[in-house]
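Just so you know, residue 1 is the first one in the sequence shown, and it goes up from there. Side-chain atoms are counted along with the backbone in the values below, which use heavy atoms only and exclude waters and symmetry mates.
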Amino acid sequence: MVILVTGGAGFIGSQVTKSLLERGDQVIIVDNFNNYYEPLLKEDRLNQLLAGFKPVVYRLDIADQVKLSEVFKNHKIDKICHLAAQAGVRYSLENPGVYIKSNIIGTHNLLELAREYKIKDFVFASSSSVYGDNEKIPFAETDVVDRPISLYAATKKANELEAYTYHKLFGLNVFGLRFFTVYGPWGRPDMAYFLFTKSILSSEEIKVFNQGKMKRDFTYIDDIVAGVVKALDRVAGYEIINLGNNQPITLEEFIGVIENELGKTAKKKYDDRQPGDVIETYADITKAKRVLDWQPSTSIKAGLKKFIGWYKSYYQVD
């Protein structure tokens, strides 16, 4: 298969790319290598994580329809794995325009090019953030998600709606995957576990929002990658599917695991809940088991051990 992976230099995209290349697929990466976080990490994912492989790499923005269309003209693409997005809940309060550009316009461009070039299989990343302050626990795909509490969440919900329209009107097979707080090696430096690890090792204070009482369904990267690849293999019709660990823990407990693994106590500054942050995420994965034959297998302790091992190696920390 020839598979287009948008965001292929990103945290999830690079590791999905590796999995696809390892099994013999051809991968075309599209990524704009923006500076939302250190671009060097994106370069190193390609040069180190994907060492020995030769995906085709296009350095362009998916919001640029003219340049993006050249990729489709140059290659006979079988499936689209759309993982590119402007990420970050809090940043969407500071710079909303980039979310509209990347998440709304960029996704529209890809759906339209899929229609134009008759590419029937389309898998894309949605987010657990679409559930907002959902009171029903765990979160199921049938829950009403009409009250997003961040612009980031609103853009992801909009992606799900437009993708459904393209399925209905043009026969695209679409799976939208709602990821639940993905963590692990080669991750995003703006994520809490990354910031906590860096600050604890440097004996710097960490901010613990909502007094550490928020709960997250932290999901290890390898489990997410397995789910994405299964979705690419099985995509048919239109489905929204949760990919989460199904075992949420409090932020306080999560920090405790990091402390134990580092052998060092965090200096904590407790703070209030931040705008856009949800209180709890908890994935009902009944549908993922049924449709994808998928189930996560990595515990928080095992996953954070692997992340911290990678972090110390990558940043050369004793």
Side-chain angles (χ1 to χ4, degrees), residues 10-23 41 44-45 48-51 83 87 125 127-128 137-139 177-202 206 208 212-231 241-266 268 280-286 288-289 292-318:
F11 172 34
I12 300 172
S14 60
Q15 302 197 51
V16 167
T17 294
K18 183 181 181 183
S19 181
L20 294 172
L21 290 168
E22 284 177 336
R23 72 176 195 174
L41 181 56
D44 285 345
R45 289 182 185 128
Q48 297 178 32
L49 183 65
L50 300 181
L83 303 175
S127 168
S128 62
I137 298 295
F139 301 164
L177 307 176
R178 290 177 178 168
F179 297 153
F180 282 70
T181 317
V182 188
Y183 74 100
W186 296 102
R188 280 176 26 217
D190 64 312
M191 296 289 283
Y193 68 95
F194 214 111
L195 296 169
F196 291 159
T197 299
K198 180 181 180 181
S199 295
I200 293 169
L201 283 169
S202 303
I206 65 171
V208 184
K213 296 175 183 176
M214 289 192 296
K215 297 183 81 172
R216 290 289 180 272
D217 204 353
F218 295 99
T219 314
Y220 189 63
I221 181 63
D222 290 2
D223 292 327
I224 289 291
V225 169
V228 173
V229 173
K230 281 178 177 286
I241 304 171
N242 288 337
L243 293 184
N245 199 43
N246 192 232
Q247 295 184 42
I249 64 170
T250 66
L251 200 54
E252 194 76 59
E253 292 173 303
F254 190 68
I255 294 167
V257 176
I258 296 174
E259 289 175 317
N260 288 337
E261 190 58 40
L262 293 175
K264 195 169 182 179
T265 302
K268 303 172 189 171
E280 178 175 3
T281 63
Y282 184 175
D284 181 333
I285 58 172
T286 304
K289 291 177 182 177
L292 300 179
D293 189 27
W294 177 87
Q295 187 161 347
S297 61
T298 311
S299 69
I300 289 291
K301 185 175 180 180
L304 283 174
K305 183 179 181 68
K306 291 178 181 178
F307 165 72
I308 289 168
W310 169 83
Y311 184 97
K312 288 180 174 180
S313 174
Y314 182 75
Y315 290 103
Q316 299 180 335
V317 177
D318 292 333

Side-chain heavy-atom pair L251, F196 within 4.5 angstrom cut-off: yes
Criterion side-chain contact (heavy atoms from CB on, under 4.5 Å) on V228 and F179, from CA distance to verdict: CA-CA 10 Å; V228 173; F179 297 153; 3.8 Å; yes
Trace of the side-chain contact (heavy atoms from CB on, under 4.5 Å) decision for L49 with Q15: CA-CA 8 Å; L49 183 65; Q15 302 197 51; 3.5 Å; yes
Atom NZ of K312: over 12 foreign heavy atoms under 6.0 Å: yes
Residue pair N245, Y183: steps toward the side-chain contact (heavy atoms from CB on, under 4.5 Å) verdict: CA-CA 11 Å; N245 199 43; Y183 74 100; over 6 Å; no
Test item: E261 and I308 side chains (from C-beta on) under 4.5 Å apart, heavy atoms: yes
Where G244 and T219 come nearest, the two heavy atoms and their spacing: CA-OG1, 3.3 Å
D217 backbone acceptor or donor facing T181 side chain under 3.5 Å: no
Whether N242 side chain and F139 backbone form a donor-acceptor pair below 3.5 Å: yes
Distance (rounded to the nearest 0.5 Å) between T197 OG1 and L304 CG: 7.0 Å
Derivation and outcome, side-chain contact (heavy atoms from CB on, under 4.5 Å), residues I206 and L195: CA-CA 8 Å; I206 65 171; L195 296 169; over 6 Å; no
R188 side chain vs F11 backbone, donor-acceptor pair below 3.5 Å: no
Any donor-acceptor pair under 3.5 Å from S313 side chain to G309 backbone: no
Distance in Å, I285 CD1 paired with N246 CG, rounded so as to fall on 0.5 Å steps: 4.0 Å
Under the side chain to side chain donor-acceptor pair (under 3.5 Å) test, residues paired with N260 that sit two or more places apart: none
Whether W186 side chain and D44 backbone form a donor-acceptor pair below 3.5 Å: no
Shortest non-hydrogen contact from G187 toward L41: O-CD2, 3.3 Å
Flag, side chain of D223 to backbone of T298, donor-acceptor distance under 3.5 Å: yes
Residue pairs passing the salt bridge (charged side-chain N to carboxylate O under 4.0 Å, His left out) test where at least one lies in residues 244-254, sequence neighbours excluded: E252-K268
Euclidean distance, L83 CG relative to T17 OG1, rounded to 0.5 Å: 8.0 Å
Residues forming a side chain to side chain donor-acceptor pair (under 3.5 Å) with S199, sequence neighbours excluded: none
Side chain K215, main chain P248, donor-acceptor under 3.5 Å: no
Sole residue of D293, I241, V225 in side-chain contact (heavy atoms from CB on, under 4.5 Å) with K230: D293
Closest approach of A288 to L243 (non-hydrogen atoms, all atoms of both residues): CB-CD2, 4.2 Å
Least distance between heavy atoms, K306 atom then P185 atom: O-CG, 3.8 Å
Interatomic spacing from CD1 in I258 to NZ in K301 - rounded to 0.5 Å: 14.0 Å
Listed partners of F254 passing ring-ring contact (aromatic ring centres under 6.0 Å, His included), at least two apart: F218
F180 backbone acceptor or donor facing R216 side chain under 3.5 Å: no
Set of residues satisfying ring-ring contact (aromatic ring centres under 6.0 Å, His included) with respect to Y311, sequence neighbours excluded: F194, F307, Y315
Expected output: side-chain K289 to main-chain Q295 donor-acceptor under 3.5 Å: no
Residues which pass side chain to side chain donor-acceptor pair (under 3.5 Å) with D284, listed by chain and number, not counting sequence neighbours: T286
Contact summary for A266 and E259, nearest pair of heavy atoms: N-OE2, 2.8 Å
Nearest non-hydrogen partners of L50 and S14, listed with the distance: CD2-O, 3.6 Å
